[in-house]
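In what follows, chains are A, B, ... by sequence order, proteins preceding strands, each numbered from 1. Only heavy atoms go into these numbers, but all of them, side chains included; no hydrogens, no water, no symmetry mates.
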Amino acid sequence: MTVGGLIALVDCNNFYVSCERVFQPELRGKPVVVLSNNDGCVIARSNEAKALGIAMGAPWHLHRKQFEAAGVIVRSSNYTLYGDMSSRVMSVLSTFTPDLEIYSIDEAFLGLSGLGLRLESHARALRAAVLRWTGIPVSVGIAPTKTLAKVANHAAKKDQKHGGVVLLLDEAAQDDALSKIELTDLWGVAGRLAARLRAIGIDAPLDLKRGDPRLIRERLGVVTARLALELRGVRCLDLERVTPDRKSIMASRSFGRPVTALTELREAVASYTARAAEKLRRQHLATASLMVFIETNRFKPDDAQHYAAWPVRLPVATSDSARLIGAALAGLAAIWRDGCRYKKAGVVLLDLHPAGAVQEGLFDKRDDARRVMLMRTVDRLNLRFGRDTVSFAAAGRRQRPWKLQRELLSSCYTTAWDGLLRV
DNA sequence: TCTGGGGTCCTAGGACCC
DNA sequence: TCTGGGGTCCTAGGACCC
């Protein structure tokens, strides 16, 4: 039943607020919120602030007067600090087990095989160590699957009586925890999916757990089917011990005020692109395509609305800031409209490759697929080459010669072709 | 003489997470 | 005057391949 051992989810409590409190102890015990860029909206709340009814994502300017009158203390976000605190927390965790997946800035999954009966005291020791060495309080949830570990962690946070640690080891305990939460408390269920679940008679987490897997797969897709299995204790999501390479890198910002001048937009896009390129180089990657986008204020329906994105394909993968900025600005020029009041701009780097493997022409995936297919065909079949055609024998049957469209083959593998033609 | 069908890729959009 | 900034995966449909 617990094949593969148990999984712990360690999650920092109100992480950004806790980071601020480490350096400003006077904030402890008081209602505190951390605001997003431009002090736009609430992105973290202390328990005391939650108790006042401050919602996640609440636009601050709508509530400022009311909440400040209630004594709420406000901090602007400081991502450099949070990133640094996160590394400290993760490095403490890594002293407890090498079996660690850093899931987000404030969460990690830990593999717990071989701890046996000392599980709970181990979890409490871990909690105490993180608090002692970093000043950050964490909650620990332990269960046979990631999804159930999330449920356990939710329970640990919700009820102080657990002392920050909840284990859901047997089905009775799991069902008890599941009976106390809503569909949208589950990892992977938000409003839309919850509505679709209710439409087929699944109103609560336990209904989902006990639902017909085939029906769920057919009506709601593979992700929800996996979720249902995970609730049953069947592990579908494994620990990702090695952090995979990023598949995209974005840099974007909302402006503090509306921007109409192209020169100003160019400055913003150039600086975002430079930031994205820095991230790219730090991760030893290069990009072969990017997208630039601009956006007006969607909360102002009276303004002329304009959202536009422009993809730019680069001839060669690169991490060079100047080349990327040039490409992004060319894209910007193509979409910018005179007279619009822009509120946000950004750049996304796509089609990322390891920097070391960068060579012109190697990153057209389609060409790469053709080359692989070609090589496989040569291996599998008895090929005979003519000047412009190739014929082959398969399963003892003679087949019509296939016309080769050599002109379709990109330069990156004409060498391979030349080799083949000499066979 | 055979003119179909299966596979893969790309893109956009949707949904979700922190 | 003021409403964040990142990411991931899945799906569907069309293009294109042989």
Side-chain angles (χ1 to χ4, degrees), chain A residues 9 11-12 14-16 34-44 55-65 76-77 79 82-83 86 102-108 146-147 150 184 186-197 217 220-227 237 240 243-258 272 275-276 279 289 291 293 295-300 307 309 311 313 341 343-352 364-374 376-377 381 390 392 394 397-405 408-409:
Chain A
L9 173 63
D11 191 328
C12 302
N14 313 326
F15 183 54
Y16 297 168
V34 173
L35 302 181
S36 65
N37 198 44
N38 292 326
D39 291 348
C41 59
V42 175
I43 54 171
M56 185 70 170
W60 188 241
H61 73 272
L62 292 182
H63 305 289
R64 188 172 61 84
K65 275 195 178 146
S76 298
S77 47
Y79 290 103
Y82 309 150
S86 174
I102 297 173
Y103 175 69
S104 75
I105 193 164
D106 69 338
E107 280 173 83
K146 281 183 165 180
T147 305
K150 277 272 189 183
T184 49
L186 291 171
W187 191 33
V189 182
R192 307 294 174 98
L193 181 55
R196 293 174 66 199
L197 285 164
R217 170 71 185 85
L220 299 160
V222 61
V223 178
T224 313
R226 266 202 302 254
L227 168 60
L237 307 168
E240 293 193 33
T243 312
D245 279 349
R246 285 260 167 276
K247 293 177 177 169
S248 67
I249 289 174
M250 169 154 68
S252 70
R253 279 282 179 278
S254 295
F255 307 132
R257 53 176 173 75
Y272 303 160
R275 270 220 321 269
K279 293 190 201 178
S289 86
M291 180 147 75
F293 67 89
E295 200 177 323
T296 49
N297 191 341
R298 66 181 185 283
F299 297 104
K300 289 205 164 172
Y307 170 84
R313 189 163 279 283
R341 295 156 61 80
K343 194 68 198 353
K344 182 174 180 177
V347 171
V348 191
L349 307 182
L350 304 148
D351 199 6
L352 307 184
D364 185 331
K365 284 180 188 158
R366 176 173 301 199
D367 280 349
D368 232 28
R370 284 199 196 109
R371 184 175 55 76
V372 169
M373 180 196 73
L374 191 69
R376 281 201 195 128
T377 308
L381 307 172
V390 61
F392 60 92
R397 282 183 302 141
R398 178 121 186 105
Q399 306 241 342
R400 179 181 52 162
W402 287 358
K403 283 241 181 217
L404 287 183
Q405 297 172 287
L408 285 179
L409 305 176

#### Entry: Length of the line joining A:Tyr79:OH and B:dC18:C1', which is rounded to integer Å
11 Å
### Task
May I ask you to evaluate whether A:Arg257 reaches the phosphate of C:dT1, defined as a side-chain N or O under 4.0 Å from OP1 or OP2?
no
### Task
Write down the distance between CG (A:Asp39) and P (C:dG4), rounded to a whole number of angstrom.
12 Å
### Query
Which is true for A:Ala251 with a 4.0 Å heavy-atom rule: it touches a base, it touches only sugar-phosphate, or it touches nothing?
sugar-phosphate
### Message
With a 4.0 Å cutoff (strictly under), does any side-chain N or O of A:Lys300 reach OP1 or OP2 of C:dT1?
### Response
no
### Message
Does a side-chain N or O of A:Ser36 approach OP1 or OP2 of C:dG5 to a distance below 4.0 Å, or not?
### Response
no
### Query
Can you tell me how far C1' of C:dC9 sits from NZ of A:Lys146, to the nearest Å?
14 Å
### Task
Output yes when at least one side-chain N/O atom of A:Ser252 is less than 4.0 Å from OP1 or OP2 of C:dG6, else no.
yes
### Phosphate-side-chain proximity, A:Lys247 and C:dC9, N/O vs OP1/OP2 below 4.0 Å
yes
### Query
Counting side-chain heavy atoms from CB outward, which of C:dC2, B:dC18, B:dA15 is closest to A:Pro258?
C:dC2
### Which residue lies more 5' along DNA chain C, comparing A:Leu62 with A:Arg246 via nearest heavy atoms
A:Leu62
### A:Ile249 side chain reached by A:Val348 side chain, heavy atoms, under 4.5 Å
no
### Task
Return the value, rounded to whole Å, for the distance between atom CZ of A:Phe299 and atom P of C:dT1.
17 Å
Which side-chain N or O atoms in residues 55-65 of chain A pair as donor and acceptor under 3.5 Å with protein atoms at least two apart or in another chain?
none

### Task
State whether A:Arg196 places a side-chain N or O below 4.0 Å from either non-bridging phosphate oxygen (OP1 or OP2) of B:dA15.
no
### Message
Quick test of your reading of the model: are A:Arg313 and A:Asp351 salt-bridged, counting only N-O distances below 4.0 Å?
### Response
yes
### Query
Who passes salt bridge (charged side-chain N to carboxylate O under 4.0 Å, His left out) against A:Arg298, sequence neighbours left out?
A:Glu295
### Task
Considering just the side-chain nitrogens and oxygens of A:Asn37, establish if one lies under 4.0 Å of OP1 or OP2 belonging to C:dG5.
yes
### Query
With sequence neighbours left out, what residues match A:Lys146 under salt bridge (charged side-chain N to carboxylate O under 4.0 Å, His left out)?
A:Glu101
### Task
Please identify each residue that fulfils side chain to side chain donor-acceptor pair (under 3.5 Å) with A:Asn37, with sequence neighbours left out.
none
### Query
For B:dC17, does OP1 or OP2 lie under 4.0 Å from any side-chain N or O of A:Ser104?
no
### Query
With a 4.5 Å limit on heavy-atom distance, are the side chains of A:Leu349 and A:Met250 in contact?
no
### Query
Quick one: does A:Cys12's side chain get under 4.5 Å of A:Glu107's, heavy atoms only?
no
### Message
Quick check on DNA chain C: between A:Ile249 and A:Arg298, whose nearest nucleotide comes earlier from the 5' end?
### Response
A:Arg298
### Query
Counting only side-chain N and O atoms of A:Trp187, is one of them less than 4.0 Å from OP1 or OP2 of B:dC18?
yes
### Query
With respect to the phosphate group of C:dC2, does any side-chain polar atom (N or O) of A:Lys65 fall under 4.0 Å of OP1 or OP2?
no
Give each protein N/O atom lying under 3.5 Å from an N/O atom of nucleotides 10-12 of chain C, with the pair distance.
unit_1: C:dC10; atom_1: OP1; unit_2: A:Arg226; atom_2: NH2; d: 3.4

### Task
Both distances under 3.5 Å, Watson-Crick or G-U wobble: on that basis, could you give the dot-bracket string for DNA chain C, with [ ] for crossing pairs and | for other-strand partners?
....||||||||||||||
### Message
Distance check needed: C:dG4 P versus A:Leu35 CG, whole Å only.
### Response
11 Å
### Query
Is the backbone N or O of A:Arg341 less than 3.5 Å from a side-chain atom of A:Thr296, with the two atoms forming a donor-acceptor pair by type?
no
### Flag if over 12 foreign heavy atoms under 6.0 Å of CZ, A:Arg275
yes
### Message
For C:dG6 and A:Arg275 - does any side-chain N or O of the residue sit under 4.0 Å from the phosphate oxygens OP1/OP2?
### Response
yes
